[in-house]
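Labels below follow one simple rule: chain letters A, B, ... track the order of the sequence lines, proteins then strands, and each chain is numbered from 1.
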2 protein chains.
Amino acid sequence: MTNPDPNSIEDAVIAAILARRLKPGTRLGEAKLAEVYGVSRTRVREAMMRLETRGILQVSARRGWFIVEPSAQEARAAFEARRVIEAGILQSLARPSDAALRELRRHVEEERCAVLAGDAGARACLLGDFHIHLASAIGNPLLTEILRDLTARTTLVSMLYQSDLHAAESSEDHHRILALVEAGDVAGASRLMAEHIHRVEAGLDLSARPDPLAELRGLLAPAGTP
Amino acid sequence: MTNPDPNSIEDAVIAAILARRLKPGTRLGEAKLAEVYGVSRTRVREAMMRLETRGILQVSARRGWFIVEPSAQEARAAFEARRVIEAGILQSLARPSDAALRELRRHVEEERCAVLAGDAGARACLLGDFHIHLASAIGNPLLTEILRDLTARTTLVSMLYQSDLHAAESSEDHHRILALVEAGDVAGASRLMAEHIHRVEAGLDLSARPDPLAELRGLLAPAGTP
DNA sequence: TGCACCAGTCTTGTATACCAGACTGGTTCG
DNA sequence: CGAACCAGTCTGGTATACAAGACTGGTGCA
């Protein structure tokens, strides 16, 4: 249980965000994490700083480390970055290996199952993972890494701005994108991917300021909240 | 002189790389940097770790921090990433602001002057800066940041694999790309950018293993080096 | 009642002490 | 002569101690 792996903390945080188990604004105390992972504060601090440079955490002086709460502007930037990069990837995706295609096909099927089963947790996780798998399909670790962090960011955004998250539609989009890739229609796949990300972004309400008291409203103000 | 700014070290290292004043494989000792910047080793270590997660430095246990020496495979990945992202940026660069265009135009002129004047240092620096400026022209800090780190990487690659660095050609490419952008031909600009980066990559000899003794050969083995 | 103030506590910020591994140069033994 | 060995030194790795700021809750004064 006491994992000595130094970047296990980083990976755990990223994974938890992608699985929507860590919400934006969550505080991560150094002491607490040190205890949980059985390491000293020094190591925890390292991981926190690394995650900060990756744009996942923010530090508030002498208050703690917090999962970032992207502003509307930052949210748009994150989606734009994903659009640019993912469309670019598909466009230059000359010939993915058969193994990669099979893996993607399998993933899309898994998505479908989760959507049909109504398993919200697995579903959200898989829908984000598709994009990461797609990036890794071209075998460029740099792009995969960049896209993983970007996907974590947009996941936070969608948690913050209450997306409707039309899971079925998204899964369908993924299916069609993959079909175009398999057919060798890189331009079409690229265009559809851009549209897809646009759609997801459009499903958010970026005009609404995120409400730090959101989870309290239901508890304390039953009737006439103006 | 004793700059208290915490990320001044990071910026200084990146800037030095872009200006080709720090070569791949250079060792950066914690104690040395701490003395130079008048801070404690703790702060230096922070900066080093941040640069490591940005892919600029590498740590060799108990030996020191080194500027990365990308392998041929990593080099190709870096160029591919730049191609994907920069082509993508240009393609979705709907309408750059007039101010941004003026800035880019000015930059290209400056490049030309440096090329004509034969100022190798300024020239190399400016040629890399063009791409960063272009990224910042669309006003997306995320993409700018990503591209800065990627450009630092490819700069290291070109130092390592002795590019011929046809500065005049590159500057000319930049000029033409900007002209296409101004003409609103995003597809053309995008295509030309991809070609441009390809050309730069092709100017390298990625098959040659970098030689750690390169700088000694000229000194010690004047005649018959097999 | 309401506001300002203040001690106490909690959390990160920073420096430093000490440890362990890697390298160096010299020495000794075959 | 050469190779193995062995202190000595230098480096980063890690933990810890302590400082300083932010928050909390309570108290006293107007």
Correct closest heavy-atom pair for A:Ala152 and A:Ile56 would be CB-CD1, 3.8 Å
Just how far, in rounded Å, is C1' of C:dT12 from CD of B:Glu46? 11 Å
Of the nucleotides D:dT11, D:dA15, C:dT12, which has the atom closest to the B:Arg27 side chain? D:dT11
Going through the checks in order, is the side-chain hydrogen bond (donor to acceptor under 3.5 Å, both in side chains) test met by B:Gln58 and B:Trp65? CA-CA 6 Å; B:Gln58 242 175 335; B:Trp65 300 87; over 6 Å; no
Does the side-chain hydrogen bond (donor to acceptor under 3.5 Å, both in side chains) test come out yes or no for A:Arg20 and A:Ser158, once each step is laid out? CA-CA 10 Å; A:Arg20 295 173 175 247; A:Ser158 73; 2.7 Å; yes
Spacing between A:Phe66 atom CZ and D:dA22 atom P, to the nearest angstrom: 13 Å
In whole angstroms, how far is the P atom of D:dT14 from the CZ atom of A:Arg45? 16 Å
N/O (side chain, B:Thr42) to phosphate O (OP1/OP2, C:dT14) under 4.0 Å: no
Of the candidate nucleotides D:dG13, D:dA15, D:dA17, which contains the atom at the shortest distance from the side chain of A:Arg43? D:dA15
Do the side-chain N or O atoms of A:Arg41 get closer than 4.0 angstrom to the phosphate oxygens (OP1, OP2) of D:dA15? no
Between C:dT14 (P) and A:Met48 (CE): distance, integer Å: 17 Å
Given B:His174, which of B:His131, B:His133, B:His107 fulfils the ring pair (Phe, Tyr, Trp, His ring centres under 6.0 Å) condition? B:His131
Please list, by residue number, the residues of residues 55-64 of chain A whose heavy atoms come closer than 4.0 Å to an atom of DNA chain C; answer none if no residue qualifies. A:Val59, A:Arg62, A:Arg63, A:Gly64
Nearest-Å distance, CE (A:Met49) to P (D:dG13)? 13 Å
Atom of B:Thr154, atom of B:Thr151 and distance for their closest heavy-atom approach: OG1-O, 3.0 Å
Could you name each residue pair satisfying salt bridge (Lys or Arg N to Asp or Glu O under 4.0 Å) that touches residues 135-157 of chain B, not counting sequence neighbours? B:Arg54-B:Asp149
